[in-house]
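Written out below as structure tokens is the structure these notes cover.
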There are 2 protein chains.
Amino acid sequence: MAKHDIDLSPLFHALADPTRRAMLTRLAEAPARVTELAEPTGLKLPTVMRHLSVLEEAGLIATSKDGRVRTCAIVPEAFQPVRSWLDEQRAIWEARLDRLDAYVMTLMKERET
Amino acid sequence: MAKHDIDLSPLFHALADPTRRAMLTRLAEAPARVTELAEPTGLKLPTVMRHLSVLEEAGLIATSKDGRVRTCAIVPEAFQPVRSWLDEQRAIWEARLDRLDAYVMTLMKERET
DNA sequence: ATGATAGTTAGTGATATGGCTAAGCATGAT
DNA sequence: ATCATGCTTAGCCATATCACTAACTATCAT
């Protein structure tokens with residue numbers, strides 16, 4: 001449980017909901033206002049707001065209010081910690097596979113002699 | 001909400017817990033038995049079992065029982081859908097940035113004339 | 001066959017999540 | 001000034017999550 005791990009949970013949690021992922025995909029296309037994001041979901045506004053707060057608290061989106069309209073935008077960099085974690089995991093088990101490979105090679109060489 | 005999206009939720013959910021991520025990291029190093037995985041967590045066995053089922057149901061680990069010992073192993077391919085989804089998101093907003101770039105270029109050219 | 005070991009099952013409780021309605025509060029338009 | 005628009009807050013409910021204890025089962029060792 002490394003230090004950078006701390007904020008990984010809210011990130012993954014935010015991504016664990018299909019509605020929120022759909023919102024992110026929509027926002028990847030272009031920024032949008034709350035009502036606009038609510039429409040395709042069929043959910044009521046308060047529910048949508050909740051999802052948006054989860055996304056915002058995870059840092060995946062940023063919002064700002066102009067008049068009575070709140071505009072939401074994706075924060076692409078926010079995905080990086082997730083990518084990094086995945087890469088780290090891969091690095092670990094790839095290193096392990098390499099060790100295994102090396103071991104097999106040793107066995108084969110021993111057999112040769 | 002595409003078709004392949006269906007199993008992304010359990011995946012992300014499984015990854016949203018620090019204990020489970022720690023277990024995955026441990027398993028990335030090498031397979032391990034249940035007790036071995038429980039130890040560093042300080043959690044009771046039933047709790048650990050729960051976490052393991054979540055991981056297994058998400059397809060992130062595979063387990064098998066030999067005698068009274070259950071051995072858990074990571075399933076590296078299981079991470080792929082997550083990576084793919086992240087890549088898709090990135091592709092979408094990068095395409096958008098490109099369009100924006102192109103637009104800015106148009107503006108600049110118009111100014112030249 | 002006794003007992004220790006390694007999981008497993010069942011059941012409890014506190015808290016979090018995801019949905020809702022109802023009511024409130026600022027704009028923006030007329 | 002009035003009314004519609006676009007959130008926002010508060011509060012409710014069902015279900016899910018994460019932790020626990022207690023009791024059970026199935027090996028393995030002696």
Side-chain angles (χ1 to χ4, degrees), chain A residues 1 5-27 30-74 82, chain B residues 1 5-27 30-74 82:
Chain A
M1 288 200 229
D5 224 64
I6 288 167
D7 48 4
L8 230 38
S9 291
L11 263 175
F12 276 121
H13 169 68
L15 296 173
D17 184 287
T19 301
R20 288 194 287 266
R21 286 198 302 279
M23 286 171 163
L24 284 174
T25 304
R26 166 66 188 78
L27 289 176
R33 50 171 60 184
V34 174
T35 324
E36 215 169 335
L37 289 168
E39 227 177 72
T41 67
L43 297 172
K44 300 294 176 184
L45 268 185
T47 307
V48 170
M49 288 296 289
R50 259 250 161 91
H51 283 302
L52 290 176
S53 336
V54 172
L55 287 171
E56 188 163 21
E57 270 160 41
L60 287 164
I61 68 169
T63 78
S64 64
K65 204 165 179 180
D66 178 23
R68 57 186 166 172
V69 174
R70 177 171 298 280
T71 303
C72 309
I74 205 166
V82 175
Chain B
M1 288 196 228
D5 225 68
I6 289 167
D7 49 3
L8 272 179
S9 293
L11 263 175
F12 276 121
H13 169 68
L15 296 173
D17 184 288
T19 301
R20 287 195 287 266
R21 286 198 302 279
M23 286 171 163
L24 284 174
T25 303
R26 166 65 187 77
L27 290 176
R33 50 172 60 186
V34 175
T35 324
E36 215 170 333
L37 289 168
E39 226 176 73
T41 67
L43 297 172
K44 299 293 177 183
L45 268 185
T47 307
V48 170
M49 288 295 290
R50 242 342 187 343
H51 283 302
L52 290 175
S53 337
V54 171
L55 288 171
E56 188 163 22
E57 271 160 41
L60 288 164
I61 67 169
T63 77
S64 64
K65 204 165 178 182
D66 178 22
R68 58 187 166 172
V69 173
R70 178 172 297 281
T71 303
C72 309
I74 204 166
V82 175

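Keep in mind that this is a model prediction, so the values were computed, not measured. Letters go in sequence order (proteins before strands), and every chain restarts at 1.
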message: On DNA chain C, compare the nucleotides closest to Asp66(A) and Ala16(A); which residue's is nearer the 5' end?
response: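 First, find each residue's nearest nucleotide; the 5'-ward one identifies Ala16(A).
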| said: I want to confirm an ordering. Mapping Pro46(A) and Gly67(A) to their closest nucleotides on DNA chain C, which one lands closer to the 5' end? | reply: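 The answer here is Pro46(A).
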Checklist entry - About how many Å separate NE2 of His51(A) and CG of Leu24(A), when rounded to the nearest 0.5 Å? => result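 Interatomic distance, Leu24(A) CG to His51(A) NE2, rounded to 0.5 Å: 11.5 Å.
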>> Would you compute the distance between atom CE of Met23(B) and atom CG of Leu55(B) and round it to the nearest 0.5 angstrom?
In response: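 Result: 7.0 Å between the selected atoms.
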Worksheet item: Arg50(B) side chain N/O closer than 4.0 Å to the phosphate oxygens (OP1, OP2) of dT8(C)?
Response: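 For dT8(C), OP1/OP2 do not have a side-chain N/O of Arg50(B) under 4.0 Å.
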Can you tell me if the side-chain N/O atoms of Arg33(B) get under 4.0 Å from OP1 or OP2 in dA6(C)?
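Yes, Arg33(B) has a side-chain N/O under 4.0 Å of OP1/OP2 on dA6(C).
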In whole Å, I'd like the distance from the [atom1] atom of [X] to the [atom2] atom of [N].
X: Lys44(B); N: dG13(C); atom1: NZ; atom2: P; value: 19 Å
X: Leu15(A); N: dT17(C); atom1: CG; atom2: P; value: 14 Å
X: Leu52(A); N: dG19(C); atom1: CG; atom2: P; value: 12 Å
X: Met49(B); N: dA6(C); atom1: CE; atom2: C1'; value: 10 Å
X: Arg68(B); N: dG3(C); atom1: CZ; atom2: P; value: 16 Å
X: Lys65(A); N: dG28(C); atom1: NZ; atom2: C1'; value: 13 Å

Give me the atom names and distance for the closest heavy-atom approach of [X] to [Y].
X: Thr47(A); Y: Leu43(A); value: CG2-CD1, 4.1 Å
X: Leu27(B); Y: Ala32(B); value: CD2-N, 3.6 Å
X: Pro31(B); Y: Arg26(B); value: O-NH2, 3.9 Å
X: Ala58(A); Y: Leu11(A); value: O-CD2, 3.8 Å

- Task: Only stems of 3 or more consecutive Watson-Crick or G-U pairs count here, both distances under 3.5 Å; name the ones for DNA chain D, or none.
- Result: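 So far as stems of 3 or more pairs are concerned, DNA chain D shows C:1-30 with D:1-30.
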(Q) Around atom CZ of Arg50(B), are there more than 12 heavy atoms from other residues, nucleotides or ligands closer than 6.0 Å? (A)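 12 or below, so no.
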Is a side-chain N or O of Thr71(B) found less than 3.5 angstrom from the main chain of Arg33(B), in a donor-acceptor match?
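Between the backbone of Arg33(B) and the side chain of Thr71(B) there is no qualifying donor-acceptor contact (under 3.5 Å).
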Exercise. Examine distances only and state if a side-chain atom of Arg20(A) and a backbone atom of Ala14(A) form a donor-acceptor pair shorter than 3.5 Å.
Key: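 Judged by distance alone, yes, a pair lies under 3.5 Å.
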Original post:
Taking 5' to 3' order, which nucleotide of DNA chain D is first and which is last to have an atom within less than 4.0 Å of a heavy atom in chain B?
Top reply: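 First-to-last contact on DNA chain D, by the 4.0 Å heavy-atom rule, is dT17(D) to dC28(D).
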